[in-house]
Amino acid sequence: MTHVNDDTPELQQTAVPDERRATLAALELAATLSHFEQRLDRMDGVDAILGETATKVQGLVGMQAWSFFLVDEESGDFSCALASSPRDRTRFEREVDSLIEDKTFAWALGRNRAVVIPSTTGANNHLLLHPLATSSGLWGMFAGIPQKDAESSDMGFYLLTVVFFSCASMLESYTLYRRLQHANEGLEQQVAERTSALVEANTSLAHEVEERRQAEKNLRKTLGEKESYRQHLEAVFSSIKDAIISVDLSGVVVNLNAAAEEMLQRNAEGVVGLHYTELQPACSNAFHDVLASTLASGTPVREFRAVSEDGAHVMILGSTPLISLDDEFSGAVLSGRDITRLATLEEQLRERHSFSNLIGRSKVMQSMFGLLENLAAYDTTVLVTGESGTGKELVAEALHYNGARSGGPLVKVNCTALSESLLESELFGHVRGAFTGAVRDRAGRFETAEGGTIFLDEIGDISMRIQVLLLRFLESKEFERVGDTKPRRADVRIVAATNADLGRRIQEGTFRADLFYRLNVTNIHLPPLRERREDIPLLVQHFTERCNRELGTQVGGVDEGAMAALVSAPWPGNVRELKHTLEHACVLCRQGYISPAHLPAELMQVPSAQMAAGRDRGQVPDMVLADSSGSGNGTVPTATPAGQNAVNFIVPSGFGRKKLDEATIRDAINQAGGNKALAARMLGVGRATLYRKMQALKIS
């Protein structure tokens, strides 16, 4: 592997190294790598792995100083983990901060190989950068200053790549081992606690059983054995919150508690005497199978998680044999607990990278998602600002459908599409005879949106008269139909949007300041696409998949050149322009991968020069790849075979909230080439959720 830096000729070799010398160096490295892998339980930690890697690097390319920067899995920030000296640590931290600021650091990550760049400190030195990455993701970056007389060759840099890949593999193995060790320790602790609790429970149960037998002997003398047994069962049933259903050996329901009545939505009188197969609760297939197993074998069935056929309910089911007072097997007892709400909460925790149809992993979008989640639960008025095409209408939909008013209507009004007189009638309605053509009473949009949300788009362009009427409604929730004097009320939440500068319009006298303050209770500003370019790969994959579904195309993604052009484009039309651009490209491409030739000509004209200039400054990555781990910020480089174009397969984590029906799941698995973990990320759900849904739908 060669390094690319035309500006540092002093580090380029003037002659090809002796072939034999390079071969001996490769053999020597292969011999030392056999000692690089150790037993995980004997590792001294990350510093030992990095220190040994540094020793091997020094053996290949002499270094004046070196350092390792590791990436934090949650924040995505890089921090210095080890350096050749405390002084070198401080020096490299300043170097890396500068490289991150001017995007050179991200450029080096995108190369996924050794690169040599000038030092930012001004000294006559150069930096050697090499990512620490495996097929599962990025672990860090090596930064070093080669010695003045250090040799540089294809073989030397190839051996460096082998050493750093081995280092990244060890970091990955050690991290997974430590996580597994912690998990095992926690599991052992839980087992110990559970065992202790079971021993205590068994002891207590033994005492209770003995006391029960003695009490039953006394009760037989007065009430009789059957009456005593019935009363005892009723007391036990009434004290348990889990649903309990007992059946005899033939499968006929003998008894059930109140929780079971609630689960079946039937009274005990209508259930007792029926065969258990006639009952159709949630998760009915698992319900029947559990009882059938215990009745057939006389052995208990351990509690397990079951999903209803329609995927709407999740339950914990189990059964035990029913033993009579004569210690004879006489039936089975089923217990069930509905955990649908817990399962839903688990699912919601996995879906944090999107809010309704809004997509983005950038910090500004994640911050906006948190604000939307908070605002959805309240009826406060919201003003959405941002350039045209940024998705202001999607924000209104997210606030409505994720809030308490989701059961009510969402009414949308484009305030610029109608004249002043028509807009007043459209918003507030009119009575018969109010104007020519008003042949009957007609309710306005505010009345239509009763109990729901009204979205007023382009609010900055309404006339002063409409502003006064709207201000009155915001203050008192009252309005009058055109031509009527009777005040009316409407329980409506208002979400307004504009791409205009309302502050300037207030100064110009075309927009009322008091209305602005009433609308701007909470402001949500949507950033233009050019300010969150890290979201472009996610949006590209999202719109490509949508085009495949709606247009019947079979586009697998975009190649390196097309993605670079898309990332560097100015996008004056923002997300809407990007969507239309990809529709254009999919129509031309039809199948395979989108190349620059499939993009609109006007997109390739101006940005191409900008992109070339940006690459010279180290600000535009050569290729933008998706985070294959689906876990964090930005992009993670992966290796690309020589001579092949990089395919940018972006896997969304939780975007779109697709309906998990059989066709969707099978389509995702086919597109993922049978990789169910990748299919789960494409669908925006956890892998466990996908397996559970596949089991419910009987998809092999």
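Residue indices begin at 1 and follow the sequence shown.
At distances below 3.5 Å, at least one donor-acceptor pair connects side-chain atoms of N548 with backbone N or O atoms of V555. When atom types are taken as modelled, the side chain of N402 and the backbone of A376 share no donor-acceptor pair closer than 3.5 angstrom. Using modelled atom types, no side-chain atom of T104 and backbone atom of I100 make a donor-acceptor pair closer than 3.5 Å. In terms of modelled atom types and a separation under 3.5 Å, the side chain of T340 and the main chain of V314 share a donor-acceptor contact. R493 places a side-chain N or O within 3.5 Å of a backbone atom of Y378 that can act as its donor or acceptor partner. Between the side chain of S367 and the main chain of K363, no donor-acceptor pair closer than 3.5 Å is present. With hydrogens and angles disregarded, a donor-acceptor distance shorter than 3.5 Å links the side chain of Q58 to the backbone of M63.
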field: Criterion side-chain hydrogen bond (donor to acceptor under 3.5 Å, both in side chains) on D667 and Q671, from CA distance to verdict
entry: CA-CA 6 Å; D667 183 57; Q671 290 188 31; 2.9 Å; yes

- request: Evaluate the side chain to side chain contact (heavy atoms under 4.5 Å, CB included) criterion for residues R91 and I145: first the C-alpha distance (whole Å), next the side-chain angles of each, then the deciding distance (0.1 Å), finally the verdict.
  value: CA-CA 11 Å; R91 176 182 181 180; I145 301 177; 3.1 Å; yes

message: Could you walk me through whether L99 and L129 satisfy the side chain to side chain contact (heavy atoms under 4.5 Å, CB included) test, starting with their C-alpha distance in whole Å, then the side-chain angles of each, then the deciding distance to 0.1 Å, before giving a yes or no?
response: CA-CA 11 Å; L99 293 175; L129 302 177; 4.0 Å; yes

task: In sequence, state the C-alpha distance, the side-chain angles, and the governing distance for L372 and L399, and then conclude on side chain to side chain contact (heavy atoms under 4.5 Å, CB included).
output: CA-CA 6 Å; L372 288 176; L399 289 171; 3.6 Å; yes

message: Using the rule given for side chain to side chain contact (heavy atoms under 4.5 Å, CB included), can you reason through L50 versus L171, listing the C-alpha separation, both sets of side-chain angles and the distance that settles it, and then say yes or no?
response: CA-CA 9 Å; L50 299 180; L171 290 173; 4.3 Å; yes

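Of all the heavy atoms in L358 and A398, the pair that sits closest is CD1-CB, 4.4 Å. Closest of all the heavy-atom pairs between Y174 and I49 is CB-CD1, 4.0 Å. Annotation for L603 and A569: closest pair CD1-CB, 3.4 Å, computed over non-hydrogen atoms. The two residues M694 and K676 come nearest to each other via the heavy atoms CE-CE, 3.4 Å. L109 approaches M141 most closely through the heavy-atom pair CD2-CE, 3.3 Å. Closest of all the heavy-atom pairs between F69 and S67 is CE1-OG, 3.3 Å.
Rounding to the nearest 0.5 Å gives a distance of 8.0 Å between NZ of K56 and OG of S166. The structure places CH2 of W571 at 5.0 Å from CG of L566, a figure rounded to the nearest 0.5 Å. The CG atom of L519 lies 10.0 Å from the OG1 atom of T498; values are rounded to the nearest 0.5 Å. For the atom pair CG of D97 and CZ of F105, the computed distance is 9.5 Å after rounding to the nearest 0.5 Å. Note that CD of E93 is 13.5 Å distant from OG of S98, once rounded to the nearest 0.5 Å. For the atom pair CG of L538 and CD1 of I536, the computed distance is 10.5 Å after rounding to the nearest 0.5 Å.
H580 places none of its side-chain heavy atoms less than 4.5 Å from the side chain of E577. For the pair L82/L70, no side-chain contact is recorded, criterion being any heavy-atom separation below 4.5 Å from C-beta on. Side-chain atoms of L160 and L128, non-hydrogen and from C-beta on, do get closer than 4.5 Å to each other. Looking at heavy atoms from C-beta onward, Q64 lies out of side-chain contact with P146 at the 4.5 angstrom threshold. For the pair L176 and E172, the minimum side-chain heavy-atom distance is below 4.5 Å. Under the 4.5 Å side-chain criterion, counting only non-hydrogen atoms from C-beta, L526 is in contact with K392. You'll find the side chain of E534 stays beyond 4.5 Å of the side chain of R361, heavy atoms only. Using a 4.5 Å cut-off on side-chain heavy atoms (C-beta onward), Q541 and V558 make no contact.
Between the side chains of H400 and S406, no donor N or O sits under 3.5 Å from an acceptor N or O.
With sequence neighbours excluded, no residue satisfies salt bridge (Lys or Arg N to Asp or Glu O under 4.0 Å) with E531. Applying the ring-ring contact (aromatic ring centres under 6.0 Å, His included) rule to F92 yields no partners; only residues at least two apart in sequence or on another chain are considered. Partners of R179 by salt bridge (Lys or Arg N to Asp or Glu O under 4.0 Å), not counting sequence neighbours, listed by chain and number: E73. Residues satisfying the salt bridge (Lys or Arg N to Asp or Glu O under 4.0 Å) test with D501, not counting sequence neighbours, are none. Annotation: side-chain contact (heavy atoms from CB on, under 4.5 Å) contacts of A396 (sequence neighbours excluded): F455, V495. Checked against side-chain contact (heavy atoms from CB on, under 4.5 Å), T90 has the following partners two or more places apart in sequence or in another chain: R94. Scored by the salt bridge (Lys or Arg N to Asp or Glu O under 4.0 Å) test, R405 finds D379, D491 as partners (sequence neighbours excluded). The side-chain contact (heavy atoms from CB on, under 4.5 Å) test applied to D72 returns E74, S75, not counting sequence neighbours. By the ring-ring contact (aromatic ring centres under 6.0 Å, His included) test, F68 pairs with W66, F142, sequence neighbours left out. Under the rule for a side chain to side chain donor-acceptor pair (under 3.5 Å), the partners of N523 that lie at least two apart in sequence or sit in another chain are N520. With sequence neighbours excluded, the residues that form a side-chain contact (heavy atoms from CB on, under 4.5 Å) with Q181 are Y177, R178, E185.
Sorted by first and then second residue, the pairs that involve residues 381-391 and meet side-chain hydrogen bond (donor to acceptor under 3.5 Å, both in side chains), not counting sequence neighbours, are T385-H525, E387-R530, E387-N574, S388-R576.
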